[in-house]
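First the structure, in the form of structure tokens, and then the observations on it.
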Amino acid sequence: MDLTGAKRIDIISDTHGHLSERLLAALEGADLIVHAGDITSESDFAELETIAPIKAVLGNNDWYYNYGPEVKKTSVFAYEGLRFALSHYREDLPQGSIDIAVCGHTHRPTIVPMGCFVLVNPGSPTYPRTDKGPTMARLFARDGEILSLEILQL
């Protein structure tokens, strides 16, 4: 697969105040980090921002933390020609014309094509709830096209 000129978007969720060395190493080189909530650490959020720009939403355990005014319950944004919807809970995902919907909360990784968009839950790199162990998702995109999208075991 030719990834020339592609952007790498690393998708994480439910870090719960712990960024493992394995996760930090995996995130190195990302062009964008998408975090689907339950960060639970302002210092972890700041550390992620030193690796790559970050798009994030609040999880059910984030209400006592301040990640800045741009981090809210839901987010819709465009990146590399793709429209993303982002929420901690799947049922709160913004509706509309989107290409990729990202949620967290369950700590269970999944990628599900849903007709005109793809639903991604990266699982949790900290407290996994499957036998896959710690996980995240990685997306390569170029000019509005998804080149690859997979769950990575950490």
Side-chain angles (χ1 to χ4, degrees), residues 7-28 30-80 82-141 146 149-154:
K7 298 290 185 186
R8 191 180 102 200
I9 301 124
D10 284 348
I11 304 169
I12 59 176
S13 186
D14 298 284
T15 51
H16 289 278
H18 181 71
L19 302 176
S20 70
E21 291 302 316
R22 207 178 270 177
L23 173 63
L24 292 171
L27 293 173
E28 279 301 322
D31 293 297
L32 178 70
I33 297 170
V34 174
H35 198 304
D38 277 358
I39 305 162
T40 71
S41 168
E42 292 166 16
S43 62
D44 283 2
F45 185 79
E47 185 169 1
L48 291 172
E49 286 183 307
T50 68
I51 297 170
I54 184 168
K55 296 286 188 180
V57 291
L58 298 170
N60 56 299
N61 293 297
D62 285 322
W63 297 106
Y64 301 104
Y65 300 93
N66 181 7
Y67 308 118
E70 68 283 350
V71 180
K72 299 177 182 172
K73 183 178 177 181
T74 63
S75 176
V76 176
F77 63 94
Y79 185 77
E80 195 56 28
L82 296 170
R83 287 194 40 86
F84 289 77
L86 178 59
S87 175
H88 189 60
Y89 293 110
R90 179 177 177 172
E91 57 269 20
D92 291 339
L93 281 165
Q95 302 295 310
S97 177
I98 58 170
D99 301 299
I100 300 163
V102 178
C103 62
H105 185 63
T106 65
H107 298 220
R108 298 175 188 276
T110 188
I111 296 173
V112 181
M114 305 286 289
C116 61
F117 69 93
V118 177
L119 176 69
V120 179
N121 183 325
S124 173
T126 308
Y127 300 115
R129 293 182 182 150
T130 69
D131 58 1
K132 291 182 175 163
T135 57
M136 62 178 275
R138 178 164 289 156
L139 165 68
F140 283 96
I146 297 171
L149 175 58
E150 63 182 331
I151 299 294
L152 300 180
Q153 292 180 281
L154 296 173

Evaluate the side chain to side chain contact (heavy atoms under 4.5 Å, CB included) criterion for residues Phe117 and Ile100: first the C-alpha distance (whole Å), next the side-chain angles of each, then the deciding distance (0.1 Å), finally the verdict. CA-CA 5 Å; Phe117 69 93; Ile100 300 163; over 6 Å; no
Hey, does Val34 have a side-chain heavy atom less than 4.5 Å from the side chain of Ile12? no
Dump the intermediate steps for salt bridge (charged side-chain N to carboxylate O under 4.0 Å, His left out) on Asp10 and Arg8, then the final yes or no. CA-CA 6 Å; Asp10 284 348; Arg8 191 180 102 200; 2.8 Å; yes
Donor-acceptor pair, Arg83 side chain versus Asp99 backbone, under 3.5 Å? no
Does any part of the side chain of Phe45, heavy atoms only, come nearer than 4.5 Å to the side chain of Asn66, both counted from C-beta? no
Closest heavy-atom pair, Gly17 versus Asp44, reported as atoms and distance to 0.1 Å, is C-OD2, 3.1 Å
Just checking, any donor-acceptor pair under 3.5 angstrom between side chains of Asp62 and Tyr67? yes
Test side chain to side chain contact (heavy atoms under 4.5 Å, CB included) applied to Asn60 and Tyr89, step by step: CA-CA 9 Å; Asn60 56 299; Tyr89 293 110; 3.1 Å; yes
Counting N and O atoms only, with roles assigned by atom type, does the side chain of Asn121 sit under 3.5 Å from a partner on the main chain of Gly104, one being a donor and the other an acceptor? yes
Pair His107 and His16, ring centroids less than 6.0 Å apart: yes
Between Leu58 and His88, what is the shortest heavy-atom contact and its length? O-CB, 3.6 Å
Provide the closest heavy-atom pair for Lys55 versus Leu86 in the form atom of the first, atom of the second, distance. O-CD2, 3.8 Å
When Leu119 is tested against each of Leu93, Ile111, Val102 for side-chain contact (heavy atoms from CB on, under 4.5 Å), which residue passes? Leu93
More than 12 non-hydrogen atoms from neighbouring residues, nucleotides or ligands closer than 6.0 Å to CD on Glu91, yes or no? yes
Straight-line distance of Glu70 CD to Ser75 OG, nearest 0.5 Å: 9.5 Å
Is a side-chain donor-acceptor pair under 3.5 Å present for His105 with Asp38? no
Value rounded to 0.5 Å, distance of OH in Tyr79 from CG in Leu139: 10.0 Å
Heavy-atom pair with the smallest gap, counting every atom of Ala141 and Ile9: CB-CD1, 4.1 Å
What is the distance from atom CG of Asp14 to atom NE2 of His35, rounded to the nearest 0.5 Å? 7.5 Å
Which atom pair, heavy atoms only, marks the closest approach of Gln153 to Lys132? NE2-O, 2.8 Å
Would you say the side-chain atoms of Thr135 pair up with the backbone N or O of Pro122, donor to acceptor, closer than 3.5 Å? yes
Give, for atom CD1 of Ile151 and atom CD1 of Ile11, the distance between the pair rounded to the nearest 0.5 Å. 8.0 Å
Does CZ belonging to Arg90 count more than 12 external heavy atoms closer than 6.0 Å? no
Does Tyr127 OH have over 12 foreign heavy atoms under 6.0 Å away? no
If I take atom OG1 from residue Thr15 and atom CD1 from residue Ile39, how far apart are they, to the nearest 0.5 angstrom? 6.0 Å
Minimum side-chain heavy-atom gap Lys72-Val57 below 4.5 Å: no
List the atom of Ile54, the atom of Glu49, and the distance in Å for their closest heavy-atom pair. CG2-CG, 3.5 Å
Please examine the side chains of Val118 and Val120, heavy atoms only from C-beta on, and report whether any two atoms are closer than 4.5 Å. yes
Are Thr130 and Pro109 side-chain neighbours, meaning at least one heavy-atom pair lies under 4.5 Å? yes
Inter-residue atom distance Leu149.CG - Phe140.CZ, 0.5 Å rounding: 11.0 Å
